Amino acid sequence: MKIGQHTLTEIEDQPRAWHKTLAGIKDKRKAIETILQRCGPANVVFCGAGSSYYLGLSAASFFQKITGRRTCAFPSSELFIFTSPLGHEDSRSFLLVPISRSGRTTETVLAIKSAKASYSSTCLAISCYPDSDMAKVSDLTLVAKGAQEESVVMTKAFTSMLIATQGLGYLAVSRPLDPLQVLPAAVERSLAEAHALVKSLLSEAQYERYVYLGAGPLYGLAQEGMLKMKEMALEASEAFHPLEFRHGPKAIITERTLIVLLLSDSGKKYETSLVRDLKPLGARFLIVGEEIPDKLKEASNYCLELSSGLGEYDRLPLYLPALQLLGWEAAIRKGVNPDRPRHLDHVVDLSNPDGCE
Ligand code: F1P
């Protein structure tokens, strides 16, 4: 088998996995609605580790937007080491939504146990596996069907579980899932274009650093894009909120920097002026967005228009394939095998989590 084939197959399997995930949400609709009603208007906390934490950042932004409920996201480790992020012990009950592809990550299981021990919290887990350590300590587990992966690096698992969290948001406000039903066909249409674009992008210049910019619900996705480049291609990569990049980090820009901007609707004019301000510093730009304005196209080197017809919150999963393929292609060109990422395992399962011998 060619190097990276497992990971590429899973990236290309996203249309099918998304279809199955959406079907799975509908199957669990009643059970989810019962849990959500039981929680009432409680605050909502997402948590996860690595990619699953970055997913939680975007999911929290989506959930707060659609429900209006105060929603935040933490790395799982923060929730059992520093319980203060959730306020006083006697704070009102809240809904905890842990995210874990495997359902076995030690920090996430410990976060659930800590929340249940310290607060009157309800736990609605998101995973790719039904029967896991996480499922055993959760009140309900929503499984992203068809998203189980052989690869260590998360790709279709990330986007499928993201869609599962979007479905949760829609069910929380009793709205039909119709906008999400557009996603599988939209990604089917854009995969080939995204792959061709990253191939030409990587063949036309050498890069030494990758910067990912995303605002609002796109910040978590920018972090995920950064992580794909690190995990698969072992390249220097960083992620920022777009306008934060001016406040110091832009000092790193050279002619061998690629800046990947996940263009939002809400911040489009600010993000456009940012690109025009940064252009003279020599970086090259890849812009991924729904429709890209001409003046931004003129200032950028590469553009991928998603043309989904969806709003900036509903179309979140569509930004990922280009970022996944960029990391994958960069690895392959270096002769690095994305299927066997250096130093990484499929699950971080800590036998002695408190680190004592
Ligand atoms: C997710 C995770 C990823 C990491 C790598 C190994 O664990 O730790 O964050 O990038 O892919 O798996 P989980 O989602 O199973 O908890």
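We count ligands from 1, going down the list as the structure has it; atoms in each ligand are counted the same way. Note that these values count all heavy atoms, side chains included, but never hydrogens, waters or copies made by symmetry. For clarity, every value in this text was computed on a predicted model and none was experimentally measured.
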Quick one: which of Thr106, Val348, Thr105 has a heavy atom closest to atom 13 (P) of ligand 1?
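Comparing heavy atoms across Thr106, Val348, Thr105, the nearest one to atom 13 (P) of ligand 1 lies in Thr105.
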Should one rank Met154, Arg104, Glu149, Glu107 by closest heavy-atom distance to atom 3 (C) of ligand 1, which comes out on top?
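It is Met154 that holds the nearest heavy atom.
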Assess the side chains of [X] and [Y]: does a donor N or O sit below 3.5 Å from an acceptor N or O?
{"X": "Thr254", "Y": "Glu208", "answer": "yes"}
{"X": "Trp18", "Y": "Thr159", "answer": "yes"}
{"X": "Asp314", "Y": "Tyr170", "answer": "yes"}
{"X": "Arg284", "Y": "Tyr207", "answer": "yes"}

Please could you name the atoms of ligand 1 that [X] approaches to less than 4.0 Å, counting only its heavy atoms?
{"X": "Arg101", "result": "6 (C), 11 (O), 12 (O), 13 (P), 14 (O), 15 (O)"}
{"X": "Ala49", "result": "1 (C), 9 (O)"}
{"X": "Ser52", "result": "13 (P), 14 (O)"}
{"X": "Ser51", "result": "3 (C), 9 (O), 10 (O)"}
{"X": "His346", "result": "6 (C), 12 (O)"}

Counting only heavy atoms, which portion of Asp345 has something under 4.0 Å from ligand 1: side chain, backbone, both, or neither?
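Just the backbone.
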May I ask you to identify the nearest protein heavy atom to atom 10 (O) of ligand 1, giving residue, atom name and distance to one decimal place in Å?
Glu231 OE2, 2.5 Å
Geometry only, no angles: is Ser102 polar-contacting ligand 1 at N/O separations under 3.5 Å?
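Yes; the residue has a nitrogen or oxygen that sits under 3.5 Å from a nitrogen or oxygen of the ligand.
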Geometric N/O contact Lys228 with ligand 1, under 3.5 angstrom:
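No, since none of the N or O atoms of Lys228 sits under 3.5 Å from an N or O of ligand 1.
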Centroid-to-centroid, Tyr119 to Phe94, below 6.0 Å?
yes
Got a second to check how far Ser121's OG is from Leu96's CG, nearest 0.5 Å?
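Result: 6.0 Å between the selected atoms.
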What do you reckon, does Val152 put a non-hydrogen atom under 4.0 Å from ligand 1?
yes
Determine whether Phe285 and Leu278 make a side-chain contact, defined as any pair of heavy atoms from C-beta on separated by less than 4.5 Å.
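Sidechains of Leu278 and Phe285: in contact.
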Compare every heavy atom of Lys156 with every heavy atom of Gln148, then report the nearest pair and how far apart it is.
O-CE, 3.3 Å
